Amino acid sequence: MKTRLALLLSLSLATAAHASEDAAALWTAKCKNCHGADGKAQTKTGKKESIVDMSQPAWQKAQTDADIREFIVDGSPRNKKMKPFKDKLSAEQIDSLVGYIRTLKAD
Ligand code: HEC
């Protein structure tokens with residue numbers, strides 16, 4: 001019984017670790033160019049377009065997961081540089097990116 005529980009636990013931990021690795025890889029491949037590795041948008045496009053620093057607690061607090069998701073799905077209504085990703089990423093990938101954005105922290 002104990003071993004089964006331990007096995008289950010390590011399996012789910014492995015899955016979680018895998019999902020976050022995927023999200024980080026996705027972020028690097030699809031988002032980092034504009035938003036920066038740390039989400040602070042200290043990039044050429046980030047500065048030019050005044051992209052928000054997503055690591056700021058105030059920004060994190062002001063968004064629901066649904067808000068963030070909608071932005072990724074439909075893009076920005078204000079700035080077409082932030083394109084809709086609904087045809088490029090799966091729902092699971094978009095969810096994992098929402099989770100990833102939640103891990104961005106100001107230091
Ligand atoms: C070509 C540059 C570019 C890429 C690539 C890009 N973004 Fe953006 N993103 C922007 C810009 C510009 C804005 C600001 C839009 C605005 O001010 O309305 C933005 C805004 C956002 C916002 C909302 C921030 C706010 O203003 O509240 C989220 C969330 C976001 N991006 C997520 C992502 C994710 C996730 C990816 C990768 C899948 C991504 N972006 C890729 C340019 C980009």
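First listed ligand is number 1; within each ligand, the first listed atom is number 1. Start at 1 with the first residue, then count along the sequence. Keep in mind it's a predicted model, so treat the numbers as computed, not measured. We use all heavy atoms of the structure for the numbers below, so side chains are in, but hydrogens, waters and symmetry mates are not.
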Requested in this report: Please examine the side chains of Ile51 and Met82, heavy atoms only from C-beta on, and report whether any two atoms are closer than 4.5 Å.
Outcome: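 No, their side chains stay 4.5 Å or more apart.
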
Query raised in the report: Lys48 versus Thr43: any side-chain heavy-atom pair under 4.5 Å?
Result: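 Sidechains of Thr43 and Lys48: no contact.
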
Please list the nearest protein heavy atom to [atom] with its residue and the distance rounded to 0.1 Å.
atom: atom 33 (C) of ligand 1; value: Met82 CE, 3.3 Å
atom: atom 20 (C) of ligand 1; value: His35 CE1, 3.6 Å
atom: atom 24 (C) of ligand 1; value: Val52 CG1, 3.5 Å
atom: atom 22 (C) of ligand 1; value: Phe71 CD2, 3.4 Å
atom: atom 17 (O) of ligand 1; value: Arg78 NH2, 3.5 Å
atom: atom 5 (C) of ligand 1; value: Lys30 O, 3.2 Å
atom: atom 37 (C) of ligand 1; value: Cys31 SG, 1.9 Å
atom: atom 14 (C) of ligand 1; value: Ile51 CG1, 4.3 Å

Heavy-atom count around [X] [atom1] within 6.0 Å, excluding the residue itself: above 12?
X: Lys30; atom1: NZ; value: no
X: Asn33; atom1: CG; value: no
X: Glu70; atom1: CD; value: no

Query - Under 3.5 Å: N/O of Trp27 near N/O of ligand 1 - result: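 No; every N/O pair is 3.5 Å or more apart.
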
With heavy-atom distances below 4.0 Å as the criterion, list the atoms of ligand 1 near [X].
X: Lys81; answer: 1 (C), 2 (C), 3 (C), 12 (C), 42 (C), 43 (C)
X: Trp59; answer: 24 (C), 25 (C), 27 (O)
X: Asn79; answer: 12 (C), 15 (C), 16 (C), 18 (O)
X: Ser76; answer: 15 (C), 16 (C), 18 (O)
X: Leu97; answer: 38 (C)
X: Cys34; answer: 1 (C), 2 (C), 3 (C), 4 (C), 5 (C), 42 (C), 43 (C)

**Report entry** Qualifying residue for side-chain contact (heavy atoms from CB on, under 4.5 Å) with Leu89, from Ile94, Asp95, Val73
**Finding:**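 Going through Ile94, Asp95, Val73 one by one, the side-chain contact (heavy atoms from CB on, under 4.5 Å) with Leu89 is satisfied by Ile94 alone.
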
**Report entry** Criterion ring-ring contact (aromatic ring centres under 6.0 Å, His included) against His35, the qualifying member of Phe71, Trp27, Tyr100, Trp59
**Finding:**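 Of all the options given, the one that passes is Trp27.
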
Requested in this report: State whether the side chain of Arg69 and the backbone N or O of Leu97 hold a donor-acceptor pair below 3.5 Å, judged by distance alone.
Outcome: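 Side chain of Arg69 to backbone of Leu97: no pair is present.
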
**Report entry** Under 3.5 Å: donor-acceptor pair, side chain of Gln56, backbone of Lys40
**Finding:**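 Between the backbone of Lys40 and the side chain of Gln56 there is no qualifying donor-acceptor contact (under 3.5 Å).
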
Query raised in the report: Distance from Lys88 atom NZ to Gln93 atom CD, nearest 0.5 Å?
Result: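 Spacing of NZ (Lys88) from CD (Gln93) equals 12.5 Å.
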
**Report entry** Inter-residue atom distance Ser55.OG - Ile101.CD1, 0.5 Å rounding
**Finding:**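 Answer for the OG-CD1 pair, Ser55 versus Ile101, is 12.0 Å.
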
Requested in this report: Of the side chain and backbone of Lys83, name the one, both, or neither that has a heavy atom under 4.0 Å from an atom of ligand 1.
Outcome: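 Neither; nothing of Lys83 gets under 4.0 Å from ligand 1.
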
Query raised in the report: Heavy-atom distance to atom 28 (C) of ligand 1: which of Lys80, Met54, Gln93 wins?
Result: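 Answer by nearest heavy atom: Met54.
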
